[in-house]
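All values reported here derive from a predicted model rather than from experimental measurement. A note on names: the letters A, B, ... follow the listed sequences, proteins ahead of strands, and every chain is numbered from 1.
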Amino acid sequence: MSKAPQKPPQKPRGTQDMIGETAARFDHVIETFNRVRKLHGFGRVEVPVFEATAVFARSLGETTDVVSKEMYEFTDRGGDGLVLRPEFTAGIARAYIENGWQQLAPLKLASWGPLFRYERPQKGRFRQFHQLDAEILGAAEAAADVEVIALGQHLLEELGVAGEIELTLNSMGDPDTRAAWSAAVAAHFQAHRGDLSEDSQRRLETNPLRILDSKDAADQALVAGAPQIDAYFTAEAGAFFERLQAGLQASGIAWTRNARLVRGLDYYRHSVFEFITQSLGAQGTVLGGGRYDGLIGHMGGPDTPAVGWAAGIERLAMLVAEPTKADVFTVIADAPELETDALVVSTLLRQAGIPIERHFATKAKRQIELSKKFANAGIFFVKRGDDAAAPLVQARYPGDDRRVVERAALALAGRYNFSAGDQQG
RNA sequence: GCGACUGUAGCUCAGCUGGUUAGAGCGCUGGUUUGUGGUACCAGAGGUCGCGGGUUCAAACCCCGUCAGUCGCCCCA
């Protein structure tokens, strides 16, 4: 057997391995989300990580790049066309239709998990990334939009990042509004076609509304002169936007109007919002969503109003403060023959709710070193007592928490002699 | 898809305008110090300088390609 020099495999581009603080931050975001979402009455929904290609191809309206170039699409062994989900909403909509969840409407659902998009990685952008997701299905009231935004706001507050994040808000109006306004916007840019940047001239053909958020300095002047949607609101659309703003006001949620905030797809109606930070570079949207009343009907289900958002876990994880580590203690046998007792002691302490990790080293000395390396809050030494029959458990440096000592004493009572040790300074 | 920058031990990096046996810290391993709130000592292992070509008497240092990373553009469901 010759040792063929093989290069070890590498993780696929745009994926990440996480451990330690990075993983702890990630975890913290998810735990906080789950806590807050329950506080707001959002139930958990689980949908597949892969779906029939049609689920996303149809929801995205066969749009150019997104569908054709940015989805992980494959054919399985049975010949079925599948894609790794690039977003949550379409899968949830599919499940809503397929399972007849309309009987449960209005439904407040939340999910989180991995999503996949074939894009060039950059700061805050990965090919496998993770999002939190919240949706209200089957509610047409502006109050649902308020509710969903309030959940997002509360989440950011609980994560301690609300201070550096701004809520921007817009309305796409109803279909009549949208159609009239987008036609006016397209006409406006068409009239100044020659002055547009190269990118925006192309957008004129593909998605004129996107010119509104062009980063090109030359486009800015033309963007500033573009028609505002407010002039095109139908009475109903205007009233809806009013109700939304009143609801946010009543909820104590601050926002900034961004009349240029748009969604490319036709099934978006009324509310569009993004929570944005300046501290993450180009990918500053931390949480974004809107009302998509047209989607479920578009996918072949009953006409169903819905509103929701998704938030990037990686991006939130970059913003949150380093999570404080919970105190973890260790048990060290002073001599090899006391190892059995060390196991018993570990079990008793854990059952008493004291976090215990064991260190894997034969020598007690090395175990002490490891307890320092892993920053244990304290050590419980299992020693031979004065009377050789009863081993002694001695607590050393059990944090600042007297309760740990008390709980340990209680847990070990009757089985081991316990000493809180000489806490000499 | 486009652009800029980067790629040296497990990790973080140093290596002057190309010059001969490639360095440090941390980590790891072994030993010493008979052992207790991250800070002791000694020794050791570990690198085809991302990969492949090229220029040169000579390349980790220059050129081309490729892969990967970072940041930006594009896209953004």
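Taking atom P in both rG37(B) and rA14(B), one finds a spacing of 35 Å when rounded to whole Å. One P atom belongs to rC2(B), the other to rC49(B), and the distance between them is 30 Å to the nearest Å. For the C1' atoms, the distance linking rA45(B) with rC28(B) amounts to 9 Å, nearest Å. Across rC63(B) and rC16(B), the matching P atoms stand 15 Å from one another, rounded to whole Å. To the nearest whole angstrom, the two C1' atoms, one in rG27(B) and one in rG35(B), are 22 Å apart. rG25(B) and rC42(B) are spaced 11 Å apart, taking the P atom of each and rounding to whole Å. If you take atom C1' in rU48(B) and the same atom in rA22(B), they sit 13 Å apart, rounded to whole Å. Nucleotides rC61(B) and rU20(B) have their P atoms positioned 13 Å apart, rounded to a whole Å.
Between Y268(A) and V262(A) there is no side-chain heavy-atom pair separated by less than 4.5 Å. A heavy-atom distance below 4.5 Å is found between the side chains of R127(A) and Y118(A). Contact of the E166(A) side chain with the T168(A) side chain is registered, since non-hydrogen atoms from C-beta on lie closer than 4.5 Å. Side chains of T330(A) and F374(A) form no contact here, defined as non-hydrogen atoms less than 4.5 Å apart.
Counting any heavy atom pair closer than 4.0 Å across all strands shown, R263(A) reaches sugar-phosphate atoms only and no base atom. As judged by a 4.0 angstrom heavy-atom cut-off over every strand, D216(A) is placed among residues making no nucleic acid contact. At the heavy-atom level, G281(A) lies under 4.0 Å from the strands shown only through sugar-phosphate atoms. Using a 4.0 Å heavy-atom criterion, one finds that R85(A) contacts no nucleic acid atom at all. Among the protein residues, K11(A) comes within range of no part of the nucleic acid, since none of its heavy atoms lies under 4.0 Å from any strand. Contacts of G14(A) with the nucleic acid, taken as non-hydrogen atoms under 4.0 Å apart, involve only primed sugar atoms and P, OP1 or OP2.
Each of A282(A) and T15(A) has a nearest nucleotide on RNA chain B; the 5'-most of these lies closest to T15(A). Both Y268(A) and I379(A) lie near RNA chain B, and the one whose nearest nucleotide falls closer to the 5' end is I379(A).
By the side-chain hydrogen bond (donor to acceptor under 3.5 Å, both in side chains) test, T177(A) is found to be paired with D174(A), residues two or more places apart in sequence or in another chain being considered. Applying the salt bridge (charged side-chain N to carboxylate O under 4.0 Å, His left out) criterion to R25(A), with sequence neighbours excluded, gives E21(A). Remark: R13(A) engages no residue in a salt bridge (charged side-chain N to carboxylate O under 4.0 Å, His left out) (not counting sequence neighbours).
No cation-pi contact links R85(A) to F56(A), judged by a cut-off of 6.0 Å to the six-membered ring centre and 45° from its axis.
Evaluation of the salt bridge (Lys or Arg N to Asp or Glu O under 4.0 Å) test over residues 278-295 of chain A, restricted to residues two or more places apart or in two chains, returns D145(A)-R291(A), R291(A)-D293(A). The ring-ring contact (aromatic ring centres under 6.0 Å, His included) analysis of residues 209-229 of chain A, with sequence neighbours excluded, yields no pairs. The ring-ring contact (aromatic ring centres under 6.0 Å, His included) pairs that include a residue from residues 119-138 of chain A are F26(A)-H130(A), where partners are two or more places apart or lie in different chains.
Rounding to whole angstrom units, CG of residue D327(A) and P of rG37(B) are separated by 17 Å. In this structure, E70(A) places its CD atom 10 Å from C1' of rG1(B), rounding to the nearest Å. For the pair E119(A) CD and rG1(B) P, the interatomic distance rounds to 13 Å; values are reported in whole Å. To the nearest angstrom, P of rC75(B) lies 25 Å from CZ of F116(A). Here the P atom of nucleotide rC11(B) and the CD1 atom of I19(A) are 13 Å apart, to the nearest Å. Rounded to whole angstrom, the span from the CZ atom of F380(A) across to the C1' atom of rG37(B) amounts to 14 Å. Atom CD of Q201(A) is separated from atom C1' of rC73(B) by 17 Å (rounded to the nearest Å).
Between R403(A) and E406(A) there is no salt bridge, since none of the side-chain N atoms of the basic residue sits less than 4.0 Å from a carboxylate O of the acidic one.
Closest of all the heavy-atom pairs between M299(A) and A93(A) is SD-CB, 3.7 Å. Summarising the geometry of F42(A) relative to E135(A), their closest heavy-atom pair is CE2-O, 3.7 Å, with the distance given to 0.1 Å. Between A105(A) and G138(A), the closest heavy-atom pair is CB-CA, 4.2 Å.
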Run R350(A) and E357(A) through salt bridge (charged side-chain N to carboxylate O under 4.0 Å, His left out) and show every step you take.
CA-CA 9 Å; R350(A) 283 169 176 156; E357(A) 69 175 331; over 6 Å; no
Go through the steps for S419(A) and L392(A) under the test side-chain contact (heavy atoms from CB on, under 4.5 Å), then give the verdict.
CA-CA 7 Å; S419(A) 152; L392(A) 170 71; 4.0 Å; yes
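When the side-chain nitrogen and oxygen atoms of R203(A) are compared with OP1 and OP2 of rC74(B), one or more of them lie within a distance under 4.0 Å. Between R117(A) and rC75(B) there is no side-chain N or O to OP1 or OP2 distance below 4.0 Å. Within the 4.0 Å cut-off from OP1 or OP2 of rC71(B), not a single side-chain nitrogen or oxygen of Q122(A) is found. Contact annotation: N376(A) does not reach the phosphate of rG38(B) (side-chain N/O to OP1 or OP2, under 4.0 Å).
To the nearest 0.5 Å, atoms NZ (K363(A)) and CG (L370(A)) are separated by 12.5 Å.
In the region residues 123-134 of chain A, proximity to RNA chain B at under 4.0 angstrom, judged on heavy atoms, holds for K123(A), R125(A).
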Under-3.5 Å N/O pairs linking protein and nucleotides 2-8 of chain B:
{"from": "rC2(B)", "atom 1": "N4", "to": "R120(A)", "atom 2": "NH1", "distance (Å)": "2.5"}

Short heteroatom pairs, N/O only, protein and nucleotides 42-46 of chain B, under 3.5 Å:
none

Set out, line by line, the N/O atom pairs under 3.5 Å between protein and nucleotides 25-34 of chain B.
{"from": "rG27(B)", "atom 1": "O3'", "to": "K373(A)", "atom 2": "NZ", "distance (Å)": "3.4"}
{"from": "rC28(B)", "atom 1": "OP1", "to": "R366(A)", "atom 2": "NH2", "distance (Å)": "3.3"}
{"from": "rC28(B)", "atom 1": "OP1", "to": "K373(A)", "atom 2": "NZ", "distance (Å)": "2.9"}
{"from": "rU29(B)", "atom 1": "OP2", "to": "R366(A)", "atom 2": "NH2", "distance (Å)": "3.4"}
{"from": "rU33(B)", "atom 1": "O4", "to": "K365(A)", "atom 2": "NZ", "distance (Å)": "3.2"}

Please tabulate, for the side chains in residues 316-324 of chain A, all donor-acceptor contacts under 3.5 angstrom to protein atoms that are two or more places apart in sequence or on a different chain.
none

Please convert RNA chain B into dot-bracket. A pair counts if it is Watson-Crick or G-U wobble with both distances under 3.5 Å; crossing pairs go in [ ] and bases paired with another strand get |.
(((((((..((((.....[...)))).(((((.......))))).....(((((..]....))))))))))))....
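Distance from the side chain of K372(A) is smallest to rG38(B) among rC75(B), rC71(B), rG38(B).
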